[in-house]
Trainee: 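Shown below is the structure under consideration.
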Amino acid sequence: MTRVPFTASCSTSIHKCCLVNTINIGTTSLAAFPNSLALPFVPHTKTTIVRRISVVAMSDLSKSTVLVTGAGGRTGQIVYKKLKERSDQFNARGLVRTQESKEKINGDDSVYIGDIRNTETIVSSIQGIDALIILTSGVPKMKPGFDPAKGGRPEFYFEDGANPEQVDWIGQKNQIDAAKAAGVKQIVVVGSMGGTNLDHPLNSLGNGNILVWKRKAEQYLADSGIPYTIIRAGGLQDKEGGIRELLVGKDDELLQTETRTIARADVAEVCLQALKFEEAKFKAFDLASKPEGTGEPTKDFKALFSQITTTF
């Protein structure tokens, strides 16, 4: 047999985008490969070459690239950390607003800096991702001078340019639009319970109507055509996750019970699990947990998502 050198346009490495056509070829001869495929000649059998390419391709394509925005926040940090820890499943990306936030989470090149109120600054972080987890939110600040010893209630305000309309509505809308333009396959957004009640106390903080604007963004997502998962969390707690039975509900029904809270770590876990199951797509639900020590810790997330019937 005469060996014929195989030449192509690239000489150094095989890009993952060139590997798609090799997965199902079996032992097809080298002549059947497209001329544009960069493949240096290797003195092995044609079967060995194809199998090597296939293994690399399957390994790379099995991982999802996921961006979490608001990665510098208290819940966002947990989601980003979980993504990084599961590098066999996910290529993690984070989006924060400042260099300080990036340093706080020990961000490497996978952490981008951008302002969700300005679409141009977030496009690069969204390009090439498979899924988006939105954890951005307006944050009310307490006005100085409050003295709890004197009684009364503290007053709150939102910084200029960072009120709920700008962050929770316009900022989320910008993310959804950019994700849709980039062909993102799924968006998970974390909101809050209480949105069915216009008089909910959260709406009065800084006169921001934060739940109103969150619901507006959630409705926009539900109407976008992108597969989505909307998680409306109960009161967030800085506690260990994975040790409680999780509860799902609808229309703020859980707020009428004694189970109205949930650990941030559990919310973060549900975000990641929602990317793994079809049962989580096109669903919107309230999320809380039983107190620690009661019930069985939730492990079967497919079953959890299967309980949900509400789409908004």
Side-chain angles (χ1 to χ4, degrees), residues 63-144 154 156-164 166-168 170-172 174-175 178-179 187-192 202 205-206 208 210 214 217 231 233 235-242 261-275:
K63 294 167 63 172
S64 295
T65 299
V66 182
L67 170 68
V68 53
T69 60
R74 291 160 72 184
T75 307
Q77 288 184 50
I78 301 173
V79 174
Y80 177 71
K81 182 180 179 182
K82 283 179 175 285
L83 288 170
K84 295 288 281 186
E85 290 173 344
R86 300 177 196 181
S87 58
D88 60 323
Q89 302 175 48
F90 304 108
N91 293 313
R93 289 189 193 179
L95 178 71
V96 296
R97 194 164 57 89
T98 65
Q99 180 65 32
E100 180 183 3
S101 292
K102 179 173 180 176
E103 293 171 358
K104 183 172 65 175
I105 62 173
N106 299 316
D108 51 22
D109 290 342
S110 67
V111 177
Y112 295 71
I113 298 174
D115 187 338
I116 60 171
R117 298 166 298 181
N118 182 351
T119 304
E120 292 182 357
T121 69
I122 66 173
V123 168
S124 61
S125 67
I126 292 175
Q127 289 296 325
I129 66 172
D130 297 296
L132 170 65
I133 300 175
I134 298 177
L135 274 160
T136 53
S137 178
V139 180
K141 297 182 177 294
M142 186 185 298
K143 289 184 177 181
F156 294 85
Y157 71 100
F158 291 93
E159 292 181 339
D160 290 342
N163 62 46
Q166 294 162 310
V167 176
D168 294 274
I170 295 174
Q172 286 198 25
N174 288 343
Q175 294 175 71
I187 296 179
V188 177
V189 62
V190 177
S192 301
L202 286 178
L205 295 179
I210 189 167
K214 284 182 181 294
I231 303 168
L236 296 170
Q237 298 180 318
D238 296 314
K239 294 184 177 181
E240 181 183 354
T261 60
I262 186 166
R264 293 179 188 275
D266 285 328
V267 174
E269 185 62 35
V270 172
C271 287
L272 267 65
Q273 293 293 334
L275 303 177

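The first residue in the sequence is number 1, and the count goes up from there.
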Trainee: Using a 3.5 Å distance criterion without hydrogens, assess whether the side chain of T121 forms a donor-acceptor pair with backbone atoms of D115.
Mentor: yes
Trainee: Do K84 side-chain atoms and A92 backbone N/O form a donor-acceptor pair below 3.5 Å?
Mentor: no
Trainee: Excluding sequence neighbours, so at least two apart, what forms salt bridge (charged side-chain N to carboxylate O under 4.0 Å, His left out) with R264?
Mentor: D238
Trainee: Once you round to the nearest 0.5 Å, how far does CD1 of I187 lie from CD of Q175?
Mentor: 8.5 Å
Trainee: If only atom types and distance count, is the side chain of Q77 paired as donor or acceptor with the main-chain N or O of A71 below 3.5 Å?
Mentor: no
Trainee: Once rounded to the nearest 0.5 Å, what's the spacing between atom CD1 of I262 and atom NZ of K239?
Mentor: 12.0 Å
Trainee: Using a 3.5 Å distance criterion without hydrogens, assess whether the side chain of K143 forms a donor-acceptor pair with backbone atoms of Y157.
Mentor: no
Trainee: Indicate the atoms forming the closest heavy-atom contact of A131 with L275, along with that distance.
Mentor: CB-CD2, 3.7 Å
Trainee: Taking all non-hydrogen atoms of both residues, which atom of S110 and which atom of Y80 are closest, and how far apart?
Mentor: OG-OH, 2.9 Å
Trainee: Is the count of non-hydrogen atoms from other residues, nucleotides or ligands lying under 6.0 Å from K82 atom NZ greater than 12?
Mentor: yes
Trainee: To the nearest 0.5 angstrom, please state how far the CD1 atom of I126 sits from the CZ atom of R93.
Mentor: 9.5 Å
Trainee: Please report the C-alpha distance between V190 and V270 in whole Å, then the side-chain angles of each, then the deciding distance to 0.1 Å, and finally whether the side-chain contact (heavy atoms from CB on, under 4.5 Å) criterion is met.
Mentor: CA-CA 10 Å; V190 177; V270 172; over 6 Å; no
Trainee: Return the CD1 to CZ distance between I210 and F158, rounded to the nearest 0.5 Å.
Mentor: 4.5 Å
Trainee: Is a donor on one side and an acceptor on the other found under 3.5 Å between the side chain of D168 and the backbone of G138?
Mentor: yes
Trainee: Determine the minimum heavy-atom distance between I105 and G72, stating which atoms define it.
Mentor: CG2-CA, 4.3 Å
Trainee: Roughly how far, to the nearest 0.5 Å, is CD1 of I116 from CD of Q166?
Mentor: 10.5 Å
Trainee: In Å and rounded to the nearest 0.5 Å, what is the CD1 to CG distance from I129 to L67?
Mentor: 4.5 Å
